Amino acid sequence: MIKSKKIISVILIAVLLVISISTISNASASSKVFGNSQSGYASDCVGYAIYGYNLLGYSVTGSSGQITTSDMLAWIGNTGNGYGMYVHTYGGDGYFNDYYGYSIVDTDISGNWDFVYIDSSYSAASNTLASAFNTIGYTNRCFLGWSNAVTISNACFFNYYLWTCYIGNTTVQSAAVSAASCVPGTGTTPIALYGSTSYYGTAR
């Protein structure tokens, strides 16, 4: 009787190990979100993005505070299954900053990305960053950003609606348009998308 219990225990442990290994090998794509705490809305925006990426099936982690270029570049240079990135910070056309004002520019960026959103003014004024993240010309890739200046408070309102109300229910483009329409004022949320207009943002 004791022998049979031991055998059953060993079998159960073996089954659990097999399940564990298969779960690891079939893990969903990963994403990482960063929030520059010079913005009073950083922690909120990071929380919304974590919620949204989770809805899309990503394994997501977040960092809010004194974010650095080295931390962000480490993520950009990941060789695993990291295909999503969101950054709430300051920046411009073709670059975005860390907490200390150091910039990441298009030539610093490499890899193939699925869903990237750089939440800084003018990040999508041109396709410079979208091209750097390799999100243009593919079925299931897109880049989201601002084509003009945006206040951090309006960006935060937009992010709330985008990540908690619309993302996952429609295409990223439609979700962005709907979220922008929820923020009061004409032209307050000049959101722009490069890449696939039919992509839902779902993790691969």
Side-chain angles (χ1 to χ4, degrees), residues 26-34 45-62 72 75-76 78-89 91 93-96 104 106 109-150 154-183 186-204:
N26 294 319
S28 66
S30 298
S31 64
K32 190 155 187 179
V33 304
F34 298 88
C45 290
V46 163
Y48 301 148
I50 289 172
Y51 179 84
Y53 273 122
N54 268 320
L55 281 179
L56 295 171
Y58 286 86
S59 172
V60 57
T61 55
M72 289 188 284
W75 178 247
I76 289 170
N78 85 84
T79 56
N81 64 342
Y83 295 104
M85 183 175 185
Y86 166 81
V87 186
H88 176 78
T89 190
D93 184 6
Y95 71 94
F96 54 98
I104 291 175
D106 59 311
I109 298 163
S110 60
N112 299 306
W113 295 81
D114 292 346
F115 184 14
V116 176
Y117 173 15
I118 303 300
D119 184 12
S120 65
S121 291
Y122 300 101
S123 59
S126 72
N127 69 357
T128 302
L129 289 176
S131 295
F133 280 104
N134 227 356
T135 56
I136 299 174
Y138 299 91
T139 306
N140 293 321
R141 298 184 196 175
C142 73
F143 175 92
L144 207 57
W146 301 104
S147 64
N148 213 316
V150 63
N154 283 332
C156 186
F157 286 133
F158 169 85
N159 289 326
Y160 167 78
Y161 290 110
L162 175 74
W163 294 114
T164 70
C165 300
Y166 296 110
I167 207 73
N169 298 316
T170 183
T171 64
V172 175
Q173 184 184 51
S174 294
V177 169
S178 297
S181 71
C182 294
V183 182
T186 304
T188 54
T189 47
I191 198 67
L193 181 139
Y194 289 99
S196 174
T197 57
S198 60
Y199 179 40
Y200 273 61
T202 310
R204 61 172 71 193

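The model shown is predicted, which means the values in this text are computed figures rather than measured ones. FYI, side chains are in, hydrogens and waters are out, and symmetry mates aren't considered; it's all heavy atoms of this structure.
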Original post:
So which heavy atom on Ser120 is nearest to which on Gly91, and how close?
Top reply: CB-N, 3.6 Å
Original post:
With a 3.5 Å cut-off and no angle check, do the side chains of Asn148 and Tyr122 form a donor-acceptor pair?
Top reply: yes
Subject >> Enclosure of Tyr160 OH (heavy-atom neighbours >12, cutoff 6.0 Å) >> reply: no
Original post:
Does a side-chain heavy-atom distance below 4.5 Å link Val150 with Phe158?
Top reply: no
Original post:
Given side chains that start at C-beta, do those of Phe34 and Met85 come closer than 4.5 Å, heavy atoms only?
Top reply: yes
**OP:** Could you label the plane-to-plane angle of the Trp163 and Tyr53 rings as parallel, tilted or perpendicular, counting under 30° as parallel and over 60° as perpendicular?
**Re:** tilted
Subject >> Shortest non-hydrogen contact from Ser196 toward Thr139 >> reply: OG-O, 2.7 Å
Original post:
Are the side chains of Asn159 and Tyr86 in touch, meaning some heavy atoms are under 4.5 Å apart?
Top reply: yes
Subject >> Any Val87 side-chain heavy atom under 4.5 Å of Ile104 side chain >> reply: no
**OP:** Evaluate the side-chain proximity of Thr197 to Thr171: yes if any heavy-atom separation is below 4.5 Å, no if none is.
**Re:** no
Subject >> Heavy-atom donor-acceptor pair, Trp75 side chain to Gly84 backbone, under 3.5 Å >> reply: yes
**OP:** Among Phe133, Tyr138, Phe143, Tyr58, find the one that has a side-chain contact (heavy atoms from CB on, under 4.5 Å) with Asp114.
**Re:** Tyr58
Original post:
Are more than 12 heavy atoms from other residues, nucleotides or ligands located less than 6.0 Å from atom CZ of Phe157?
Top reply: no
**OP:** Answer whether the closest heavy-atom distance between the side chains of Tyr161 and Ser181 falls below 4.5 Å.
**Re:** no
Original post:
Have Trp146 and Asp119 got a donor and an acceptor in their side chains that come within less than 3.5 Å?
Top reply: yes
Original post:
So do the side chains of Arg204 and Asn81 get within less than 4.5 Å of each other, counting heavy atoms only?
Top reply: no
**OP:** Would you kindly say whether Asp93 and Ser126 are connected by a side-chain donor-acceptor distance under 3.5 Å?
**Re:** yes
